[in-house]
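Working notes, beginning with the structure itself.
No hydrogens, no waters, no symmetry mates; every other heavy atom, side chains included, goes into these values.
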Amino acid sequence: MTLDRYPFGCAEQTTSRALPLLYLAEVAKQAGMENDDDVHKRVQDAIYRVLSYQASAGSFGLWGPDSGDVWLDSYVTDFLTRAREMKYDVPERAFVQALENLQNTLSYTTDIKGQGDQIAYAIYVLARNKKAAISDLRYYADTMINDFPTPLAKAHIAAALALYGDAQRSKNIFLDALQMSEQSMVSRVNLSRTDYGTILRDGAAILALAAESRPVPPVIPELAKAVGKEWERSKYKSTQEETWMLLAARAIQGGDDGLKVDVNGAAHTGAYMARMTGDALADHPLTLTNQTNDTVSAVVTTVAAPTVPLPAGGDGFVIERTYYTLDGEEANVSEAKQNERYVVVIHVRETNDWPSRIVITDLLPAGFEIDNPNLVDSAQMTNFDWIGEISAAHTEFRYDRFVAAFNRAAGDEREFNVAYVVRAVTPGTYDHPAANVEDMYRPELSARTATGKMEVVTAQ
């Protein structure tokens, strides 16, 4: 549900939302849930969308056709590979170009210590398509496996070996990946990565790859416990973490077959899942009783709207939103004048200096609309020469929100302004949503302005 509601549509996020949907029917059937007839269209639309981000050489960009991000190339091509396996329409020429791009990249990318996570993922995707060289795989496994920088990189090599039937090497490397993953969960070193990854993402992906491999390596139970503990530790989840947790859950679905519970007096075998409204739960409370001697884990997720306006706050960022008249004077929009135009200036300060992919979202009050779908910079309006100029990786000017994404490299200025123009159009009193900034792949780092009320008054 949270993946489905995630509002942004870059190549990684589009892939993350669609990849688990490939297996939704299978998981839904095992869980006793209804199948979603709209899933096939949503996956097919996602395939076409990510292909719109493909450059002529076969690579993919985050927000448009681009090159240079080998991990993203591998991730999107992994999705396209799995989609083809599930009989979705993946245009042949585009798919061949994606595979050739990975092959060409591997021909000149040899820095295992610095780029091993990208190299290993590309090898795995090629192996899944029977395009990897088994001699290269065994060379990496026998002489260079300790140079790969992350446990997930080692797991990709292990899974690739399993695809080629080399069970013993695969088993040994999966065990090595498990030990390295457990060490990272203790050390918590996880901050300056460029592969969209976290400790939890890596653990979940290793679990999914191991459970998909044949023969299944014996590390599954221990790895599942470690990943479960890491999931409980993480309050906020990135799209990568949620996607690979779903793939891991799908791969180990059979683990709950022996579960026996009593559900409001009725016997139930296997995992129990239910979704209900608060009113329904209040009228008909749910009682579950474990009918075995084994420990049963219960997970309850609640989703609700705040009952009172939220204050400003956050961690890792500071964000401020200020309104100005076109003359450059600060404006109070608690009583905005109909047909008046305002410049919205959002000031962001990032308190960390590592590379990051951040996104700013400003939800509009219902009485406002965006007047000019362009960013304001110091060269456009003489009264705002102090704003400065900054290049966004992506912008969206929707009817209900403004969105801007930025790729921040180490050494970039960590304090900047972004501005756009709105017009007050419809008289009335409205909720005034917060402006938000977040690190898309470190979701625990985010900040918001305060929410409140505002009014658009009729022009005299």
Side-chain angles (χ1 to χ4, degrees), residues 2-22 41-84 86 88-91 93-102 104-105 115 117-119 121-122 124-126 128-129 152 156 193-198 201 205 237-244 246-247 355-361 391-396 398 403-409 438-443:
T2 52
L3 279 171
D4 195 43
R5 290 183 173 185
Y6 199 72
F8 311 119
C10 72
E12 183 279 325
Q13 291 148 1
T14 300
T15 300
S16 292
R17 292 172 69 178
L19 182 52
L21 294 180
L22 294 172
K41 181 180 183 302
R42 290 159 64 191
V43 173
Q44 192 63 63
D45 288 347
I47 292 170
Y48 296 148
R49 183 181 180 94
V50 295
L51 289 178
S52 72
Y53 296 145
Q54 187 177 34
S56 58
S59 60
F60 296 88
L62 194 62
W63 296 103
D66 205 348
S67 61
D69 191 335
V70 182
W71 204 95
L72 180 65
D73 292 345
S74 301
Y75 185 51
V76 175
T77 310
D78 189 5
F79 165 57
L80 297 176
T81 298
R82 292 169 182 262
R84 277 169 60 96
M86 301 298 288
Y88 282 89
D89 175 31
V90 180
R93 181 57 187 156
F95 186 66
V96 169
Q97 286 180 315
L99 293 176
E100 289 177 347
N101 170 63
L102 295 183
N104 293 335
T105 298
Q115 298 175 283
D117 52 352
Q118 303 173 26
I119 292 171
Y121 199 179
Y124 167 76
V125 175
L126 291 172
R128 192 158 183 143
N129 287 278
L152 179 55
H156 276 132
R193 297 174 55 173
T194 59
D195 65 346
Y196 308 83
T198 62
R201 193 287 304 271
K237 314 296 190 300
S238 71
T239 50
Q240 278 287 303
E241 291 168 338
E242 290 174 335
T243 293
W244 287 103
L246 281 168
L247 293 180
S356 59
R357 298 175 177 91
I358 69 174
V359 63
I360 297 169
T361 307
S391 178
H394 176 73
T395 56
E396 296 178 16
R398 305 189 200 173
V403 179
F406 301 89
N407 296 329
R408 313 296 290 161
E438 67 175 274
D439 186 323
M440 291 191 292
Y441 302 103
R442 302 180 186 91

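- Here CD of Gln54 is found 8.0 Å from CG of Leu80. Values are rounded to the nearest 0.5 Å.
- By the side chain to side chain donor-acceptor pair (under 3.5 Å) test, Ser67 pairs with no residue at all, sequence neighbours left out.
- Figure legend: cation-pi geometry between Arg82 and Tyr88 absent, as NZ or CZ is not positioned both under 6.0 Å from the six-membered ring centre and within 45° of its axis.
- A pairwise comparison of heavy atoms in Gly9 and Tyr53 identifies O-OH, 2.7 Å as the closest pair.
- Ring pair His156/Tyr121 is parallel by interplanar angle, where below 30° counts as parallel and above 60° as perpendicular.
- Neither side chain, Glu241 nor Tyr441, offers a donor N or O lying under 3.5 Å from an acceptor on the other.
- At a threshold of 4.5 Å between non-hydrogen side-chain atoms, the residues Tyr196 and Thr239 do not count as touching.
- Between the Ser59 side chain and the Asp66 main chain, a donor and an acceptor come within less than 3.5 Å of each other.
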Q: Determine, step by step, whether Arg17 and Arg42 satisfy the side chain to side chain contact (heavy atoms under 4.5 Å, CB included) criterion, reporting the C-alpha distance in whole Å, the side-chain angles of both residues, the deciding distance to 0.1 Å, and the verdict.
A: CA-CA 9 Å; Arg17 292 172 69 178; Arg42 290 159 64 191; over 6 Å; no
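- For the pair Gln44/Lys41, no side-chain contact is recorded, criterion being any heavy-atom separation below 4.5 Å from C-beta on.
- Looking only at atom types and distance, the side chain of Ser16 has a donor-acceptor partner in the side chain of Tyr75 under 3.5 Å away.
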Q: Evaluate the criterion side-chain hydrogen bond (donor to acceptor under 3.5 Å, both in side chains) for residue pair Thr81 and Asn129; output intermediate values, then yes/no.
A: CA-CA 7 Å; Thr81 298; Asn129 287 278; 3.0 Å; yes
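- Between the Asp195 side chain and the Trp71 main chain, no donor and acceptor come within less than 3.5 Å of each other.
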Q) Can you list the steps and then say if Asn407 with Leu62 is a side chain to side chain contact (heavy atoms under 4.5 Å, CB included)? A) CA-CA 10 Å; Asn407 296 329; Leu62 194 62; 4.1 Å; yes
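- Between Leu22 and Val43 there is a side-chain heavy-atom pair separated by less than 4.5 Å.
- Counting heavy atoms from C-beta on, the side chains of Asp117 and Leu152 never come closer than 4.5 Å.
- By the 4.5 Å heavy-atom criterion applied to side chains, Gln240 and Thr198 are not counted as neighbours.
- In plain terms, the two heavy atoms of Ser238 and Pro443 that are nearest each other are N-CG, 3.3 Å.
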Q. Going through the distances and angles, do Glu242 and Thr2 end up as a side-chain hydrogen bond (donor to acceptor under 3.5 Å, both in side chains)?
A. CA-CA 8 Å; Glu242 290 174 335; Thr2 52; 2.8 Å; yes
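- Separating the CG atom in Leu126 from the OG1 atom in Thr77 is a distance of 8.5 Å, to the nearest 0.5 Å.
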Q: Before giving the answer on side-chain hydrogen bond (donor to acceptor under 3.5 Å, both in side chains), spell out for Tyr124 and Asp78 the whole-Å C-alpha distance, their side-chain angles and the decisive distance to 0.1 Å.
A: CA-CA 9 Å; Tyr124 167 76; Asp78 189 5; 4.9 Å; no
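- Taken to the nearest 0.5 Å, the CZ atom of Phe60 stands 13.5 Å off from the SG atom of Cys10.
- Put simply, CZ on Phe79 and OG1 on Thr243 are 10.5 Å apart, with the number rounded to the nearest 0.5 Å.
- Side-chain contact between Glu438 and Val359 is present, with at least one heavy-atom pair separated by less than 4.5 Å.
- Side-chain N or O atoms of Asn101 include none that pairs as donor or acceptor with a backbone N or O of Gln97 at under 3.5 Å.
- For the pair Asp89 and Pro91, the tightest heavy-atom approach, listed with the atom from each and the gap, is O-CD, 3.8 Å.
- Annotation: the span from Thr15 atom OG1 to Leu72 atom CG amounts to 7.0 Å, rounded to 0.5 Å.
- Distance check: Thr395 OG1 to Ile360 CD1 gives 11.5 Å after rounding to the nearest 0.5 Å.
- Contact check for Val70 versus Ser74: side-chain heavy atoms found under the 4.5 Å cut-off.
- Arg357 places none of its side-chain heavy atoms less than 4.5 Å from the side chain of Phe406.
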